[in-house]
K.L.:
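Mind having a look at this structure? Questions to follow.
Residues take their numbers from the sequence shown, with the count starting at 1.
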Amino acid sequence: KNDYFDFQFGYEIDQTRGYASPASFEYQQNTSPIVREIGTYDFFASSEINLNDQLSFRPGARVMFSEQFDTQYVVSLSAKYLLGKEWELRGIVGTSPRLPNFNEMYSFLVDVNHNVQGNENLSPENGVSAFLHLKRNWKLNNSSSIEQKLSLWNIELKDKIELVDLNTNPKKYLYQNIDSYKVHGITYMNQFKTGNFDGGI
């Protein structure tokens, strides 16, 4: 690590196993527990590059391996620009794949009041997201400060995983892929601190 360049490398491993009792009516023809297992293995790297005191970049990449799905790749780039001592402008853009989790694939809750089922045929989510943040920090005195933040974002996904209502009466839910999902947003936030008191609007 130095003042101009910082590098980070890491991994994330998730192994989930679940069981269904042979007493469950879905599996009554079996004499031993039904086992379901899902594993994901991710490796990621990112670096922060400080061009000067005002401008910095952070590129990043992640590779997602799974026993059930094809390898997924994530890339992102964020940039930060300091406008004096009080203002900060930050932009982030990247791909946003997500693998189905254990509950979305294998959950099964069916009785007289519920019908919520996983879906072993789910596909991974894929998409692109972009965020833009403008922040200002006001230091009023040694014990009081105000932070204002304006954020804009755009997220576009293909095959978004959702719990879909298939039937109204009786209720029936199934995890499915949504062909196209888009969301655009804007937020304006004020966070203030004075002494031991914190608040926000």
K.L.:
Side chain to side chain contact (heavy atoms under 4.5 Å, CB included) between F5 and S47: does it pass, once the steps are laid out?
P.N.:
CA-CA 7 Å; F5 181 79; S47 63; 3.8 Å; yes
K.L.:
For a quick test of reading the model, state the closest non-hydrogen atom pair linking K139 to N142 and the distance between them.
P.N.:
NZ-O, 4.0 Å
K.L.:
Is N177 reaching over with its side chain to a backbone N or O of S123, donor-acceptor style, under 3.5 angstrom?
P.N.:
yes
K.L.:
I want to check something: taking the side chain as every heavy atom from C-beta on, are E48 and N50 in contact at a cut-off of under 4.5 Å?
P.N.:
yes
K.L.:
Sequence neighbours excluded, which residues qualify as side-chain contact (heavy atoms from CB on, under 4.5 Å) partners of A45?
P.N.:
F7, F9
K.L.:
To the nearest 0.5 Å, what is the distance between CD on Q117 and CG on L174?
P.N.:
6.5 Å
K.L.:
Y173 and side-chain contact (heavy atoms from CB on, under 4.5 Å): which single residue from L166, V164, D165, N115 fits?
P.N.:
D165
K.L.:
For L51, does the CG atom have more than 12 heavy-atom neighbours from other residues, nucleotides or ligands under 6.0 Å away?
P.N.:
yes
K.L.:
When hydrophobic residues are tied together by side-chain contacts of less than 4.5 Å, even through go-betweens, does F44 share a cluster with I13?
P.N.:
no
K.L.:
Return the minimal non-hydrogen interatomic distance between S107 and N103, and the atom names on each side.
P.N.:
OG-O, 2.6 Å
K.L.:
Just by modelled atom types, is the Y175 backbone N or O under 3.5 Å from a matching donor or acceptor in the N119 side chain?
P.N.:
yes
K.L.:
If only atom types and distance count, is the side chain of E88 paired as donor or acceptor with the main-chain N or O of E86 below 3.5 Å?
P.N.:
no
K.L.:
Taking the side chain from E125 and the backbone from P100, do they hold a donor-acceptor pair closer than 3.5 Å?
P.N.:
no
K.L.:
Do R90 and F131 make a side-chain contact, defined as non-hydrogen atoms from C-beta onward lying under 4.5 Å apart?
P.N.:
no
K.L.:
Check whether L132 and L82 end up in the same hydrophobic cluster, where Ile, Leu, Val, Met, Phe, Trp and Tyr are linked by side-chain heavy atoms less than 4.5 Å apart.
P.N.:
no
K.L.:
Considering all heavy atoms of both residues, which atom of D159 and which atom of P124 are nearest to each other, and what is their separation?
P.N.:
CB-O, 3.7 Å
K.L.:
Nearest 0.5 Å please: distance from the NZ atom of K182 over to the CG atom of N154.
P.N.:
8.5 Å
K.L.:
Nearest 0.5 Å please: distance from the CG atom of D42 over to the CZ atom of R62.
P.N.:
5.0 Å
K.L.:
Is there a continuous path of hydrophobic side-chain contacts, each under 4.5 Å between heavy atoms, that joins Y81 to I92?
P.N.:
no
K.L.:
Does the side chain of T16 come under 3.5 Å of the side chain of D14 through a donor N or O and an acceptor N or O?
P.N.:
yes
K.L.:
Specify the closest pair of heavy atoms between F102 and R36, including all atoms of both residues, with the distance to one decimal.
P.N.:
CE1-O, 3.4 Å
K.L.:
Check the pair T95 / Q72 against side chain to side chain contact (heavy atoms under 4.5 Å, CB included), numbers first and verdict last.
P.N.:
CA-CA 10 Å; T95 59; Q72 304 290 314; over 6 Å; no
K.L.:
Drop me the distance from E120's CD to L122's CG, to the nearest 0.5 angstrom.
P.N.:
9.5 Å
K.L.:
Report the residues that fulfil side-chain contact (heavy atoms from CB on, under 4.5 Å) with K193, sequence neighbours left out, ordered by chain and then residue number.
P.N.:
S145, D198
K.L.:
Look up atom CD1 in I146 and atom CZ in F192, then write down how far apart they are to the nearest 0.5 Å.
P.N.:
8.5 Å
K.L.:
Counting C-beta onward and ignoring hydrogens, is there a side-chain heavy-atom pair between Q148 and Y188 closer than 4.5 Å?
P.N.:
yes
K.L.:
Salt bridge check, K149 against E147: does any charged N sit closer than 4.0 Å to a carboxylate O?
P.N.:
no
K.L.:
When you group the ILVMFWY residues by side-chain heavy-atom contacts below 4.5 Å and let the links chain together, are W138 and L150 in the same group?
P.N.:
no
K.L.:
State which residue, out of V74, T71, L157, fulfils the side-chain contact (heavy atoms from CB on, under 4.5 Å) condition with P97.
P.N.:
V74
K.L.:
To the nearest 0.5 Å, how far apart are CD in Q8 and OG in S46?
P.N.:
4.5 Å
K.L.:
Ignoring hydrogens and angles, tell me if any N or O in the side chain of S151 forms a donor-acceptor pair with the backbone of T187 under 3.5 Å.
P.N.:
no
K.L.:
Please lay out, stage by stage, how Q15 and Y41 fare under the test side chain to side chain contact (heavy atoms under 4.5 Å, CB included).
P.N.:
CA-CA 9 Å; Q15 194 77 28; Y41 317 95; 2.7 Å; yes
K.L.:
Tell me whether L134 shares a hydrophobic cluster with L152, the cluster being built from Ile, Leu, Val, Met, Phe, Trp, Tyr side chains joined at under 4.5 Å.
P.N.:
yes
